[in-house]
Amino acid sequence: MINALYQKALELDKKDELARFKDAFVSEPDTIYLDGNSLGKLPKKTIEQTNNLIANQWGKGLIRSWNEHWIDLPQKTAAKIAQIVGAQPDEIFVGDSTSLNLYKLAFATLSLNQSKKKIISDNLNFPTDLYILQGLIEQQFKDHFLNIIESKDGITVDEKQFEEAIDNDTALIVLSHVVFKSAFMYNMVQINTLAHQKDALVIWDLSHSVGSVPINLNESRADMAVGCTYKYLNGGPGAPAFLYVRKDLQKKIQSPIWAWFSHQAPFDFSLDYQPMDTIQRFAVGTPSVLSLAAIESGLDITLEAGIDRLRAKSQQQTEFLIELIQQLLVPLGFSIASPLNVNQRGSHISISHPEGYRISQAMIKPNDESKVIIPDFRPPDNIRLGIAPLYNTFTELVDCVERIWKIVAEEQYKQYSNNRLSVT
Ligand SMILES: *Cc1c(COP(=O)(O)O)cnc(C)c1O
């Protein structure tokens with residue numbers, strides 16, 4: 001059975017029109033990386049570009065490099081991200097972290113119409129998003145409350161639940177477009193439409209969808225969004241995040257953090273705050289030049305490959321991976337914790353097994369000659385297999401499933417400890 005599947009994978013790899021992009025990234029021999037949804041790979045060109053920036057622009061140019069190279073970097077990066085998410089360049093701000101950007105937008109939205117008290121999210125959302133909302137309610141918007149929509153199966157959310165939840169008291173809805181554990185993907189247009197019928201605003205968290213699924217914020221009539229660049233966009237650890245605000249909303253909302261980089265004329269050093277009229281009113285302090293520059297190649301590669309081609313390959317790969325899991329791993333006690341409908345999911349597949357943690361450790365640190373396979377683990381029992389269509393092959397998926405099969409069938413995981421590392 002494995003041989004037949006391997007043959008099929010070889011053929012799919014041969015036909016893959018994105019195959020050449022694999023070589024644009026640094027790879028370790030005998031290592032299969034299936035965690036691009038947590039931290040994307042390093043583009044080779046990024047090494048050259050950041051080395052040059054450090055040695056020449058910083059090393060030699062020093063302060064002069066601000067005017068020569070750096071001051072427009074956030075806008076230049078924003079224009080590229082805008083193309084990837086279907087927005088205008090002047091609707092995207094790049095900087096800070098996803099969490100902080102969500103704080104700024106949620107604060108601004110809740111300040112807009114204080115008579116509406118309900119904030120809606122779901123229990124599949126990324127915890128930081130919920131913490132931000134909890135904090136806002138506790139510290140600032142004390143009469144507001146959070147209505148958490150519960151997923152019935154822990155994998156999907158029935159959008160009908162939103163028809164009931166979104167009412168005239170609803171101020172804000174915050175959702176992950178693709179949810180981090182199961183990869184369930186919301187129908188953005190549907191939720192935006194429901195929200196707008198009740199005069200509510202939506203903030204989408206695109207962290208798990210940007211770079212892996214087509215997003216058109218303008219066509220979907222999205223109000224606001226946030227997202228990170230270090231997952232499918234391959235921007236590097238802790239790379240600056242982005243935020244989007246629909247053009248006509250920009251002047252109506254104001255950042256809770258007044259700082260010099262959102263001032264109309266930061267270098268006039270005036271002692272009175274005057275926010276910019278543009279999306280830059282959400283800027284805070286000095287941009288992180290080194291990490292901003294490191295995002296560029298990843299964005300260029302994504303634009304060159306094209307999001308529609310990336311999505312087509314990702315769908316084919318998640319379908320193939322599910323076929324492999326059903327044939328080889330389900331009989332060993334695994335279950336699939338992602339939607340089976342390809343149109344309802346992003347680019348990773350979660351599988352669960354009671355020994356998930358030890359199995360993932362055996363994949364990462366084999367005791368024999370086996371290839372190293374890097375997935376990630378999400379408690380209590382989820383192994384996430386993230387597929388980055390820019391660099392993952394179909395044969396890697398067969399190798400991965402065969403390896404998991406062996407770890408469980410031969411009980412190799414019993415040689416590993418259940419003590420959790422601090423980053424999983
Ligand atoms: C990865 C991720 C984040 C990360 O937030 P940071 O502030 O950049 O650490 C936030 N939300 C979602 C949905 C994510 O997947």
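Numbering of ligands and ligand atoms starts at 1, following listing order. Quick note: residue numbers are just sequence positions, from 1. Quantities reported herein were computed from a predicted structural model and do not represent experimental measurements.
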**Student:** Pull out every atom of ligand 1 sitting under 4.0 Å from any heavy atom of Ser207, numbered as shown with elements.
**Tutor:** 2 (C), 3 (C), 10 (C), 11 (N), 12 (C), 13 (C), 14 (C), 15 (O)
**Student:** Please work out which of the three classes, parallel, tilted or perpendicular, describes the rings of His353 and Phe334, given edges at 30° and 60°.
**Tutor:** tilted
**Student:** I'd like to check which ligand 1 atoms, numbered from 1 as shown, lie under 4.0 Å from a non-hydrogen atom of Ser97.
**Tutor:** 7 (O)
**Student:** Which protein heavy atom lies closest to atom 5 (O) of ligand 1, and at what distance to 0.1 Å?
**Tutor:** Thr98 CB, 3.5 Å
**Student:** Relative to the heavy atoms of Tyr230, which atoms of ligand 1 are at a distance of less than 4.0 Å?
**Tutor:** 1 (C), 4 (C), 5 (O), 6 (P), 8 (O), 9 (O)
**Student:** Does the side chain of Ser212 pick up a donor-acceptor pair with the side chain of Ser314 at under 3.5 Å?
**Tutor:** no
**Student:** Heavy atoms, side chains only, cut-off 4.5 Å: are His208 and Val179 in contact?
**Tutor:** no
**Student:** Can you list the ligand 1 atoms lying under 4.0 Å from a non-hydrogen atom of Lys231?
**Tutor:** 1 (C), 2 (C), 3 (C), 14 (C), 15 (O)
**Student:** Within the 4.0 Å heavy-atom shell around Ser176, which atoms of ligand 1 are there?
**Tutor:** 13 (C)
**Student:** Is any side-chain heavy atom of Val85 closer than 4.5 Å to one of Trp204?
**Tutor:** no
**Student:** Atoms of ligand 1 less than 4.0 Å from Asp205 heavy atoms?
**Tutor:** 10 (C), 11 (N), 12 (C), 13 (C)
**Student:** Among all protein heavy atoms in this structure, tell me which lies nearest to atom 7 (O) of ligand 1, with the distance rounded to 0.1 Å.
**Tutor:** Ser99 OG, 2.6 Å
**Student:** Any ion pair linking Glu304 and Arg20 (charged N to carboxylate O, less than 4.0 Å)?
**Tutor:** yes
**Student:** So Phe267 and Phe261, would you call those rings parallel, tilted or perpendicular, with 30° and 60° as cut-offs?
**Tutor:** perpendicular
**Student:** Select one of side chain, backbone, both or neither to describe which atoms of Asn125 lie under 4.0 Å from any atom of ligand 1, heavy atoms only.
**Tutor:** neither
**Student:** Any chance the side chains of Asp122 and Gln161 put a donor and an acceptor closer than 3.5 Å?
**Tutor:** no
**Student:** Could you tell me which atoms of ligand 1, counted from 1 in the order shown, lie closer than 4.0 angstrom to a heavy atom of Thr128?
**Tutor:** 10 (C)
